Amino acid sequence: MWPDLIKKAKDGGLNAIETYVFWNAHEPLRRQYDFSGNHDLIRFIQTVKDEGLYAILRIGPYVCAEWNYGGFPVWLHNMPGIEMRTANNVFMNEMQNFTSLIVDMMKKESLFASQGGPIILAQIENEYGNVISSYGDVGKAYINWCASMAKSLDIGVPWIMCQEDDAPEPMLNTCNGYYCDQFTPNNPNTPKIWTENWTGWFKNWGGLDPKRTAEDVAFAVARFYQNGGSLQNYYMYHGGTNFGRTAGGPYITTTYDYDAPLNEYGSLNQPKYGHLTQLHNILRSMERTLTYGNVTSTDYGNSVYGTVYSIDNTSSCFFGNANVTTDATVNYQGVDFNVPAWSVSILPDCKTEVYNTARVNIQTNLMVKESNQAEEEPASLKWSWRPEINLEQTLVQGKGQVSTSMIVDQKVTNDVSDYLWYMTSLNVDKDDPIWTDDMSIRVNATGHILHAYVNGEYVDSQWATYGIFNYVFEKKVKLNPGKNQITLLSATVGLQNYGPKFDVIQSGISGPVEIIGRKGDETIIKDLSLHKWSYKTGLHGLDNKIYNSDSKFSAQWNTDNLPLNKMLTWYKTTFKAPLGEDPVALDMQGLGKGLAWVNGNSIGRYWPSYMAQEDGCSTEACDYRGSYYSSKCDTNCGQPTQRWYHVPRSFIQDGVNELVLFEEFGGNPTLVNFQTLRVGTACGSAYENKDMELSCQGRPISAIKFASFGDVQGTCGSYYKGTCASQNDALSIIQNACVGKETCTVSASESTFGTADCAEDISKRLIVEAVC
Ligand code: GAL
């Protein structure tokens, strides 16, 4: 997808692509590197270069990013004597080793701008300023070391440190946030740089779908440049998908859509994409005045500011209104300009307003999902299945790979799998004081999911809800006189990626693990924590990669008696490639939680049975005015947190394809089906004297449902005429101009639509709703 995404970014008016570098992806085992396939960082930077764009390389190598363990390989945690992100020699040595490796690779290919390449900036560490206080004085020593280590690598372009107020020279400190117009770098010679302009937010299991309006993002960007900004980067412009086990957390979803201008599937998120494209093009047209001009600012009161950049006889103006509710009129050189609340107007020549962040002249797209046209799904998907391999060994025999007399943190396994089996046995006789009819097992766990078995029998499961990752599991059990096998399967759902000393936060079963006997008022507790515990990492099916068609277990699938709602079960089916080129989603309704592969490619963790919270969604249209916060305009209340999963076309081949699921909780695969995504409805919008451009993005416009020029109310999908509308029949004008075409352009003017007798304070708009 890289070339297409990068091209769309360029078409969107960007001139640089910023990326993190993920240490755990590139050095999965110590000193064993992986830069193949999707990990080919050089190819990525080359692709950026081939599009004629600059690159910003955020090496970190701590990156946060809702990425597993913030990008740290977990083997690092298990190095003797290590303390991460502080002045610790073991850590610093590893960090330096990886950072220099990346720098050397880039240098070898001449990718730094100093060598004629595209990389104009590189980043060391990530938002250390947010956590430095928890590291005491050593934190400062560490950040000084980061600076001198980075400097010594001599890359010929500046290094940045984001959210690092006391960044040591020559590091440039930069800002991350929803708004950075008020940010001032610590050094007066440092340009004002915004490394992360959050275009929306990420999602966690149980959480809602965040939404940040196009108007508000544009407002933030315009204000940043009005107030002397030099460079801003969207986080994310395209967030995509956390394939495999890359999602961090805990509990970050597989989708990382972020409500970004390019959505998870790489399609245009309109109107955000287009509204920002226009802004970029206008800002870039003002490059000379913005970069060389003298600045004068005027405070018009009530949060209204004017800024003029001028050089020679040219000047460019910004009028910003940060008032949340009151529109403003700015009089500049005898002319009145209306500036709506929470908006910025841009006048590249200080005479004509060409852009206002609150007036969107871009269509809104409503996407639809269509069933796979290549076959009748879900009926045509024939499922085969098999239980997880060799469960006997863990559930009954308690056979592990290693054993020790304590309960260990799940990170000791270097995080090679989500799964770790904790197994012990207990001898008890009927005359043991604990022996009663009322015995329970109690497990203290730190996450994230626990399945308990006694003597091969399933007891119960428990999982943490988002945000509360410590819990106590307690269930009644029946023990046998003599030896009893206790098997606990722990599953993690993304390791912590943020916070002070996030790396030492426990995962898995923390203990104690106890057997409790209750006799009347008396409670007797047997602590099993210091028993001999055997451990087995992962699952046999995963170890043997039975999701690959060439696995030695590939023949051992059953076609009869498909089990439903059965834990630890593998399912397999084949499907035909969906016709056309539209992006593909896998609808996982009916399933519990697990992992999925298409032709051996992991499409990530799925968990459609985890419902998003019931409340927090508003029925009112989202108001772009006022400061954004991550839950401001949330949607998807009470629905599965994530029902659809992106299957890149590059994972799918012509002809027959294979889908394999590992169902951990138990679910019903018979409703699973593939769908394609396309624009279903396109709602064109243009203020008076602007052009309304409409496109079904590669398909003909099939019908026009609504068109009106005047004071239109409502939102895309439910527009209606307001207090005034033009005389001519807008609907037939648009039908004639647009139906049957892939794109059409109509001027939103009275000369096209006739007079619309609207009150003076109404900004007339042409609004069209088209069926694609
Ligand atoms: C920032 C961090 C990013 C990402 C973002 C939230 O604090 O630098 O890596 O985690 O928050 O999406």
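Only a predicted model underlies this, so the values are computations on that prediction, with no experimental measurement involved. Counting starts at 1 for both ligands and their atoms, following the listed order.
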Is the distance between the ring centroids of Y20 and Y62 under 6.0 Å? no
Would you mind checking if K211 and D634 are paired as a salt bridge, meaning a charged N to carboxylate O distance below 4.0 Å? no
Residue pairs, two or more places apart or on separate chains, that pass salt bridge (charged side-chain N to carboxylate O under 4.0 Å, His left out) and touch residues 154-175: K140-D166
With I143, the side chain to side chain contact (heavy atoms under 4.5 Å, CB included) member among R85, E125, M171: E125
If you look only at pairs with a residue in residues 196-232, which of them pass as a disulfide bond (SG atoms under 2.5 Å apart), with sequence neighbours excluded? none
Can you sort out the partners of Y135 under ring pair (Phe, Tyr, Trp, His ring centres under 6.0 Å), two or more places apart, ordered by chain and number? Y128
Shell of residues surrounding ligand 1, defined by a 4.0 angstrom heavy-atom cut-off that is strict: Y20, V63, C64, A65, E66, N126, E127, N176, E196, W198, W201, F202, Y235, Y256, Y258
